[in-house]
Amino acid sequence: MANKPENKIIVVGGGLSGLMATLKICEGGGKVDLFSYCPVKRSHSLCAQGGINACMDTKGEHDSIYEHFDDTVYGGDFLADQLAVKGMVEAAPKLIKMFDRMGVPFTRTPEGVLDLRNFGGQKNKRTCFAGSTTGQQLLYALDEQVRRWEVKGGVKKYEFWEFIRIIKNKDGICRGIVAQNMNSMEIVSFPADVVILATGGPGQVYGRCTASTICNGSAVSSVYQQGAELGNPEFLQIHPTAIPGSDKNRLMSEACRGEGGRVWVYRKNPQTGEKERWYFLEDMYPAYGNLVPRDVASRAIYKVVVHMGLGMHNPNRVYLDLSHIPADYLERKLGGILEMYDDFVGKDPRKVPMEIFPSIHYSMGGIWVDREHHTNIPGLMASGECDYQYHGANRLGANSLLSAAYSGTISGPESLRYARSGKNGEPLTDAEMEAARQSAVDEFEKILQMNGPENAHQLHHELGDIMYKYVSVERDNNGLRECVEELKKILKRWENIGITDRGHWANQEAMFVRQLRNMIIYAMAITQSALQRDESRGAHAKIILEKDWNEMAPDLKERVTKKHGEFHFDKETGRATDDKGDLVFMERDDTKFMRTTIVNFDKENEMPVVSYRDFEHSLIKPRLRNYAVAKKE
């Protein structure tokens, strides 16, 4: 039998999706150059705490793959490609069995079967977990498997290398990348048959978030500027339970609520006038209680603290209480994250309620890909959180590790198939590789000579503050327009940054300046997409202004009036407010906006261009999302 031709695939990103893709490529006979901003065992997948969803049904609840499918589509407010989601949930039990065989120490019941826990937006226990360090255990298992191939010569790791850009051949097909050694600052071009980006989310666009400081979206922004389309970038998940910090926010997993944690604030009892605990999620959403999806819980917490004046202020907080649960049970199920809270706050959550508030956490949007994970640029693929594929307008808790692992099982084999199809065009010439390298060198040297009055880190703080102010839990068109103008100013100010480190060894400052420009451009794509989507769907909740109301379709006006009754527009803010003092949000508009947002980059004006694209949603008929009652089929 003739040997298969050897194919070289570049995988950028050493998290769960990147490692899974690498493993599948090696199993298929290909070779991988694996690039990572950090040691792969420190990739952000490590930080996932609560678990991974799969219909294992070890609790006898008659859970089904269809129910997982419906929960995911319903939770994503019907904006996810349903065939892609169907493939993911069908593969989930097989992935759990594969990880089990790899040695992942999943938590088990006393009888030895896989234990499952509750997670938001799902009535059945469906989340497999390894204590509260599930992401770490999955990542370490895959790293071990990839290292076996590394020893055999199938994988070459480039740790502490930063991706700068892709290289296209004369036909516009991606056939390599330019990357920079983060120690020596050497910039090198690397050829490949196919490139897979698995670089995670853009949390640092918002400054303080639950993501690692390496999760800046710079790689995604770079390929976006080179012609890759973004899909649904306006949908950023805000996790309801995080510890706010001056440096970054730290996640308190949804597993806390899944294991019986309750969210509450103090209030005066409306009947007696006495001070009491108000378990407001349980009152507002009786069918799901503390297990409502993240977007719903975040808006409720924001309303209670900011609009109702309850909870704690300066800084804002509510209580997440586990102290009523036996300490030995908490230690077995949640020990890792409880220890983290104790370390950073200095209080034991086994004894006192935790103080938490919503934080930017995850991006449902990302690079647009088809179901095989090809982008619109031939030869460039994307998988993991950096793609837009599986979560629609809101991600269910514990579907992130699943989508990362599953997307790697698709992108890896597909990259080999494409490389062997002959469709990837001519390899890069030495001249093309050198031209791409030299362009990146010139750009970096220009950054080293920047001598203006602006401070890059101060500019980053301002970027985060602006994005939190205008494009977070609650949005309105006036604020979004203001945000676009503010971002234009920040992009202009970027040109006047001053560099203090002009050295050519481990120059983190110069690399950060390059990343910051990419973050600002990504922020503009997020904001412009949010401005043009005139509806509320999932994590995108838009408040009605008077101008919006005047232009609204009659059927949508009728739905708003039926829900809120009479309302007025605040003279100062222009926002619609009902008689109870609650803000009035736009309704979901399936007629105009049950379509994928597509964003292209206008190089000349350095601005996003937003359009919309139809997607597959024929399997489950859309219905209104309501977690106050049990989900109706």
For [Y], is there an ion pair with [X] - N to carboxylate O distance below 4.0 angstrom?
X    : Y    : result
D171 : K423 : no
E229 : R613 : yes
K603 : E606 : no
E485 : R481 : no
D295 : R299 : yes
R437 : D430 : no
K446 : E443 : no

Quiz item: Pick from D534, D548, D476: which one makes a salt bridge (Lys or Arg N to Asp or Glu O under 4.0 Å) with K542?
Solution: D534

[X] side chain to [Y] backbone, donor-acceptor under 3.5 Å:
X    : Y    : value
S472 : K469 : no
N605 : M607 : no
R395 : M364 : no

Please check if the distance between the ring centroids of [X] and [Y] is under 6.0 Å.
X    : Y    : value
W549 : F567 : yes
F35  : F190 : yes
Y390 : Y406 : yes

Quiz item: Where do R588 and E535 land on the salt bridge (charged side-chain N to carboxylate O under 4.0 Å, His left out) test, with the steps shown first?
Solution: CA-CA 5 Å; R588 193 180 83 194; E535 67 164 352; 5.7 Å; no

Of all heavy-atom pairs between [X] and [Y], which one has the smallest distance, and what is that distance?
X    : Y    : result
T210 : A242 : CG2-CB, 4.0 Å
I526 : M467 : CG2-CE, 4.0 Å
S222 : I164 : OG-O, 2.6 Å

Quiz prompt | Face-on cation placement of R533 at F593 ring, 6.0 Å and 45° thresholds | solution = no

Quiz item: Does P413 have any side chain to side chain contact (heavy atoms under 4.5 Å, CB included) partners at least two apart in sequence or in another chain, and if so, which?
Solution: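 Counting only residues at least two positions away or on another chain, P413 forms a side chain to side chain contact (heavy atoms under 4.5 Å, CB included) with K24.
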
Practice problem: Taking side chain to side chain contact (heavy atoms under 4.5 Å, CB included) as the test, write out the residues that go with S439, two or more places apart. | Solution: R165

Practice problem: Write out all pairs satisfying ring pair (Phe, Tyr, Trp, His ring centres under 6.0 Å) with one or both partners inside residues 412-431, taking only residues at least two apart or from two chains. | Solution: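 Passing the test, one end in residues 412-431: H374-Y418.
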
Quiz item: So which of K563, K557, H564, E558 actually passes side-chain contact (heavy atoms from CB on, under 4.5 Å) with V560?
Solution: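 Exactly one option meets the side-chain contact (heavy atoms from CB on, under 4.5 Å) with V560, and it is H564.
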
Practice problem: Check step by step if side-chain hydrogen bond (donor to acceptor under 3.5 Å, both in side chains) holds for Q225 and N518. | Solution: CA-CA 9 Å; Q225 293 168 61; N518 288 339; 3.0 Å; yes

Quiz prompt | H460: which of Y206, W494, F512 passes ring pair (Phe, Tyr, Trp, His ring centres under 6.0 Å) | solution =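 Option passing the ring pair (Phe, Tyr, Trp, His ring centres under 6.0 Å) with H460: F512.
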
